[in-house]
Amino acid sequence: MEVDLITQIKSAYSSLTKSEQKVATYTIENMKHIAYVSVTDVAKKCGVGEATIFRFAKKIGYSGYYEFKKDIIEIIENKIENNKREAKNKTYESIQTMLEHTIALHDDDTLLNVAKVIKNANNIYIFGLGLSNLSAKAAEIRLSFMGYNTFAFSDNHIEHIKANLIKENDVVIGLSVSGKTIDTIKHLEIAKNRGATIIGITNYRPSKISDLSDYTLLTASKDVLAQGTSLITQTSQLIVLEEICEKLEQLDKVYTQEIRKSIYNSY
């Protein structure tokens, strides 16, 4: 371990010559560099002869420089592996926290009511910008495969036009992490004025989008969001959208199975 080697060097430090102490100091401060260069390069960096490097290695308990270097390489490789593992665990923990908080933020009754509204709608429009637009497009595909007339738009101008074509028996799902995306709010306002039912999916209530919504479903947690929008936040949107789809499957099982079978058979 790195700590063990540093302790080993420090304990022998007083018994080293001044030249060897230069090597000791350089080793502690530049261990990663030593792992990837030759003894000649180390000697130049320390301003000593190569023989000093060999003597230093023996004085701190190694048979020679190459055994010393091999140990350093192993320490660096273990450190890299540990860093990868820690990064992986951090991502997993963030996702797990997000899932737990998202699921806890709404109840089955609300999801069921949302599913009923979608089931009875003529058309479903999903509005969202940036990463929320990716969630909107994914939901469009998912709901379309279940047999519902669903539309999401990558172009903000087209979304604006379509908002003005929405009718009373249509449903609009608005996606916004902050709950205050200006264009999404504008399009939801247009849809609401035209009589559509609004479902807001956001991380914040109160927010402008939740105020406009007939139903609000909250996503993620403030702990995750404190660092800003991320792909983990987008995953929380997808989780809520999938929960809605699962409720629709329960409500409309025969219809959704028939549509799915029809689509697959047509390929």
Side-chain angles (χ1 to χ4, degrees), residues 95 98-99 102-103 106-177 181 183-184 186-188 190-192 194-202 209 213-217 219-220 231-267:
I95 291 172
M98 175 275 299
L99 284 171
T102 298
I103 291 168
H106 45 78
D107 54 59
D108 278 352
D109 288 341
T110 303
L111 283 168
L112 189 59
N113 288 332
V114 167
K116 286 177 180 177
V117 168
I118 291 174
K119 175 181 178 292
N120 296 319
N122 287 337
N123 302 291
I124 301 115
Y125 296 89
I126 310 176
F127 296 159
L129 297 176
L131 289 176
S132 293
N133 184 253
L134 299 179
S135 298
K137 295 300 289 183
E140 177 190 28
I141 295 169
R142 179 76 167 95
L143 287 165
S144 294
F145 263 106
M146 294 173 67
Y148 302 102
N149 292 322
T150 309
F151 308 95
F153 312 97
S154 299
D155 186 282
N156 190 38
H157 179 64
I158 296 297
E159 189 174 282
H160 181 82
I161 293 171
K162 293 295 184 179
N164 284 277
L165 300 178
I166 286 170
K167 297 179 180 178
E168 281 190 15
N169 205 36
D170 293 335
V171 167
V172 177
I173 300 173
L175 299 171
S176 172
V177 172
T181 308
D183 286 327
T184 301
K186 180 169 64 178
H187 300 157
L188 292 181
I190 294 169
K192 192 172 185 69
R194 295 186 62 80
T197 300
I198 310 297
I199 299 165
I201 299 178
T202 178
I209 280 186
S213 300
D214 297 289
Y215 300 93
T216 299
L217 296 172
T219 56
L231 292 176
I232 293 173
T233 304
Q234 186 198 358
T235 303
S236 72
Q237 292 178 335
L238 295 174
I239 291 296
V240 173
L241 289 163
E242 181 59 28
E243 285 186 307
I244 294 170
C245 290
E246 287 177 2
K247 291 296 180 187
L248 281 166
E249 294 269 14
Q250 294 171 20
L251 286 173
D252 221 3
K253 190 172 184 179
V254 174
Y255 173 72
T256 55
Q257 285 182 345
E258 286 179 354
I259 291 295
R260 189 178 290 113
K261 185 178 179 181
S262 175
I263 291 171
Y264 284 134
N265 287 341
S266 70
Y267 275 109

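Position 1 is the first residue of the sequence, and the numbers go up from there.
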Can you see which heavy atom on [X] is nearest to which on [Y], and at what distance?
{"X": "A191", "Y": "I166", "result": "CB-CD1, 3.7 Å"}
{"X": "S144", "Y": "I263", "result": "O-CD1, 4.0 Å"}
{"X": "A163", "Y": "I190", "result": "O-CG2, 3.4 Å"}
{"X": "I209", "Y": "S176", "result": "CD1-CB, 3.2 Å"}
{"X": "L143", "Y": "C245", "result": "CD2-SG, 3.8 Å"}
{"X": "A139", "Y": "L241", "result": "CB-CD1, 3.8 Å"}

**Asked** Which residue, T256, V171, I259, forms the side chain to side chain contact (heavy atoms under 4.5 Å, CB included) with Y148?
**Response** T256

**Prompt:** Under the criterion side chain to side chain contact (heavy atoms under 4.5 Å, CB included), which of N149, D170, I173, T197 is the partner of I124?
**Reply:** I173

**Message:** Would N122 and K167 count as a side-chain contact (heavy atoms from CB on, under 4.5 Å) here? Give the steps.
**Reply:** CA-CA 9 Å; N122 287 337; K167 297 179 180 178; over 6 Å; no

**Item:** Parallel, tilted or perpendicular: rings of F153 and F127 (30°, 60°)
**Value:** tilted

**Request:** Take L111 and L217 through the side-chain contact (heavy atoms from CB on, under 4.5 Å) test and state the conclusion after the steps.
**Result:** CA-CA 8 Å; L111 283 168; L217 296 172; 4.0 Å; yes

[atom1]/[X] to [atom2]/[Y] distance, rounded to the nearest 0.5 angstrom?
{"X": "K186", "Y": "E159", "atom1": "NZ", "atom2": "CD", "answer": "10.0 Å"}
{"X": "N164", "Y": "H187", "atom1": "CG", "atom2": "NE2", "answer": "8.5 Å"}
{"X": "I161", "Y": "N156", "atom1": "CD1", "atom2": "CG", "answer": "10.5 Å"}
{"X": "K119", "Y": "L251", "atom1": "NZ", "atom2": "CG", "answer": "7.0 Å"}
{"X": "I244", "Y": "I118", "atom1": "CD1", "atom2": "CD1", "answer": "5.0 Å"}
{"X": "E246", "Y": "L112", "atom1": "CD", "atom2": "CG", "answer": "13.0 Å"}

**Message:** Once salt bridge (Lys or Arg N to Asp or Glu O under 4.0 Å) is applied, do any residues pair with K247, and if so which ones, sequence neighbours excluded?
**Reply:** D108

**Request:** Verify side-chain contact (heavy atoms from CB on, under 4.5 Å) between K192 and V172, making sure each step is shown before the conclusion.
**Result:** CA-CA 9 Å; K192 192 172 185 69; V172 177; over 6 Å; no

When you measure from the side chain of [X] to the backbone N and O of [Y], does any donor-acceptor pair fall under 3.5 Å?
{"X": "N265", "Y": "K261", "value": "yes"}
{"X": "T216", "Y": "G200", "value": "no"}
{"X": "N169", "Y": "N120", "value": "yes"}

**Message:** Tell me every residue that passes side-chain contact (heavy atoms from CB on, under 4.5 Å) with D155, counting only those two or more places apart in sequence or in another chain.
**Reply:** H157, I158

**Asked** Tell me, which pairs form a side chain to side chain donor-acceptor pair (under 3.5 Å) where one or both residues lie in residues 125-139, sequence neighbours left out?
**Response** S132-Q237, S135-Q237, K137-E140

